[in-house]
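Structure first, commentary second.
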Amino acid sequence: MKKLVNDVSGVVPDMLEGLALTHPEIALLDGQTVAVRADVADFRRSGRVAVISGGGSGHEPAHAGYVGRGMLTAAVCGDVFTSPSTDAVLETILTVAGPAGVLLIVKNYTGDRLNFGLAAELARAEGIPVEVVVVADDVAIEAGEGTAGRRGIAGTVFVHKVAGAAAEAGLPLAEVRREAEAAAAAVGSMGVGLSACTVPAAGRPGFELGPDEVELGLGIHGEAGVRRTTVAPADVVVDTLLDRITADLALAPGDRVALLVNNLGGTPLMELQIVARRAVRRLTEQGFRLERAWTGSFLTALEMAGCSLSVLRVDDRLLDRLDAPVSAPAWPAAHLGRVRPEPLRVPGTPAPGGVPAAGSRPAASAAGGPSPRRVLERVVEEVCAALIAAEPELTMMDQAVGDGDLGISLARGAEAVRREFPGYGEDPAAVLRALSATLRRALGGTSGPLYAVLLLRAAAVLEEEAGGVPGARDWARALAEGARAVSELGGAEVGDRTMLDALVPAADALRRTLDGGAEPCGALSAAVEAARKGTAATAAMTPRRGRSSYLGERAVGRVDPGAEAVAIWLEAVSRTLCALLRGA
């Protein structure tokens, strides 16, 4: 891997510092990978709606490059191709929100929807008006039931521009949302990839292409497309993309449109202008009135060679929004070249709650053995070690069916748990709640909110045993209720090819064997065996949720990495608990 980076774990903070150093109108939210308007204090007093977007990094200039007057108030930047955590989004909302409220613009990826959606709920609980608009402009994905839905790709930039202009004009939150939703409904996009890209932390490309192969209808996270085909002349590729887009939008001759020709990251400008040439002519030949057109890098996928085309149906109101002045550096002709010697940083407004302060260590139990808290500490340590050791395997599995971030994310979450565990409190429910807070903040992506809600629901079950030490059946019920919470939040069920295909069978087996009189070790072994069987079964399933759903039948034959991760940590739990019960 050849990249101009330092430590791979610091690419996002380093990138944002470079942006803030060379664009003084952008500040960094202290302690977070978030870009905000440098005049955020004045903005909060302006009475205007704040517009926030974001998602995984690696799409530069999106999202931070669109922070500025007339576009975004702030951009929340996760790790490369990984959704930012709920807490990062929530702190951004709390920092920039004024009385007019906040609009969140979210691309239709599970991790983004979960983390931004949960942050919106938490902010509303604090009395802040928050609305959410989800962008799903990728026409390569068939809309309908049984999938995770259409992805949000480069057309999202049009929505940023329209919403930002509406907010700058002083419209109330409901109207800003309405205009953003109208833009989201009026845009269609589709991309073509000529090469894969390499996530810095993974160190290898997400997929391989032959010398004469291209991927049609791919997303923006390094994942493969919906169809692999042979390379063709640029005009043929452009016609294929535009015909799919215009048909999906049901455009008719005479309709007014705007065009975005977007570089996926590694395409020379020469080739991009060749694409733009054909796109302009094709739209004109079909009788559409091309009112505006932009060519450049707007929302990329690291160094992936290729491009996407976005077409927006426009009217006079939308054109006014597109033409409105803007100071965001990534919007064409906005940057004036000013610099400052150090990036400006503004203090954040931390989210309420979090990990409690470190307390004293518990003493041994009265019987001379380890205390329940000490047992839980041993189990958590072994789970963390297992997930860190499994990172290369899980990364490779996820690259085959997704975007390759699962192993990296779980290892990062495990390291955070190791650091923060001493402050987690004493009783099991408190430890689970603290674990949830750590993973909610550190894990990011889709896994963060799902594991956080699993642990929160499990903690609520254990809290029902107030004044006593939870027994094996209490833990079994906690696991079952945690699995139910994951299903409710993520919208998936057993058979959808997700972590639930391992988690639910394990919880069922644990409770069933305990009810049948089995000892805890025997019940744990049954749970692990059920998780392993459920994981193996995912190889024959057509995915209906998560990023694997974009591959459809192409994912069949490979085990779901989320289910594999569940089996790994359940095995660590069983191994550790049984060793402790045997006195090892």
Side-chain angles (χ1 to χ4, degrees), residues 1-24 26-36 38 54-67 74-85 87-88 91-92 195-206 220-222 263-266 297 299-305 329-330 335 339-346 348 387-389 391-392 394-396 398-399 403-420 438 441-445 448:
M1 182 181 73
K2 294 181 180 179
K3 289 184 179 289
L4 291 173
V5 301
N6 299 306
D7 185 343
V8 294
S9 65
V11 293
V12 177
D14 287 356
M15 174 267 293
L16 287 174
E17 283 204 9
L19 177 70
L21 285 168
T22 54
H23 297 87
I26 293 177
L28 306 181
L29 190 58
D30 205 11
Q32 296 284 3
T33 49
V34 174
V36 300
S57 296
H59 306 304
E60 289 69 38
H63 302 83
Y66 299 116
V67 172
V76 194
C77 304
D79 287 321
V80 176
F81 295 168
T82 302
S83 171
S85 70
D87 282 19
E91 183 168 348
T92 305
S195 72
C197 61
T198 299
V199 176
R204 51 186 176 270
I220 54 171
H221 295 94
N263 186 357
L264 286 177
S297 297
L299 199 150
T300 64
L302 294 173
E303 79 280 19
M304 180 179 285
H335 181 46
V339 298
R340 68 166 78 239
E342 289 291 332
L344 178 66
R345 300 182 186 274
V346 297
L387 290 174
I388 291 169
E391 182 271 317
L394 290 173
T395 295
M396 187 178 305
D398 198 34
Q399 283 182 327
D403 59 4
D405 72 336
L406 179 67
I408 298 165
S409 294
L410 291 177
R412 182 174 62 248
E415 294 286 6
V417 168
R418 279 178 163 177
R419 289 193 303 270
E420 298 179 4
T438 296
R441 182 179 61 258
L443 201 52

Does the side chain of Val346 reach to within under 4.5 Å of the side chain of Val36, using non-hydrogen atoms? yes
Should the ring pair Phe81 and His221 be called parallel, tilted or perpendicular, given that the plane angle runs from 0 to 90° and is split at 30 and 60? perpendicular
With sequence neighbours excluded, tell me which residues meet salt bridge (charged side-chain N to carboxylate O under 4.0 Å, His left out) with Glu60. none
Leu264 and Thr300, any side-chain heavy atoms less than 4.5 Å apart: no
Salt-bridge test for Arg441 and Glu420: reply yes if a basic N is under 4.0 Å from a carboxylate O, no otherwise. yes
Can a donor-acceptor pair be found, under 3.5 Å and without considering hydrogens, that links the side chain of Thr82 to the backbone of Gly78? no
With sequence neighbours left out, the residues meeting salt bridge (charged side-chain N to carboxylate O under 4.0 Å, His left out) with Asp79 are Arg412
Can a donor-acceptor pair be found, under 3.5 Å and without considering hydrogens, that links the side chain of Ser195 to the backbone of Ala305? yes
Would you indicate whether the side-chain heavy atoms of Pro329 and Ile26 approach each other to under 4.5 Å? yes
Using side-chain heavy atoms (C-beta onward) and a distance below 4.5 Å, is Val80 in contact with Val11? yes
Under 4.5 Å between any side-chain heavy atoms of Leu443 and Leu410, yes or no? yes
Checking Asp87 against Ser85 for the side chain to side chain donor-acceptor pair (under 3.5 Å) test, could you report, in this order, the C-alpha distance in whole Å, the side-chain angles of both residues, the deciding distance, and whether it holds? CA-CA 5 Å; Asp87 282 19; Ser85 70; 5.6 Å; no
If you measure from the Lys or Arg side-chain nitrogens to the Asp or Glu carboxylate oxygens, is any gap between Glu303 and Lys2 under 4.0 Å? no
Give the minimum heavy-atom separation between Ala62 and Leu299, together with the two atoms involved. CB-CG, 3.9 Å
Taking only residues two or more places apart in sequence, or in another chain, which ones meet Arg204 in a salt bridge (charged side-chain N to carboxylate O under 4.0 Å, His left out)? none
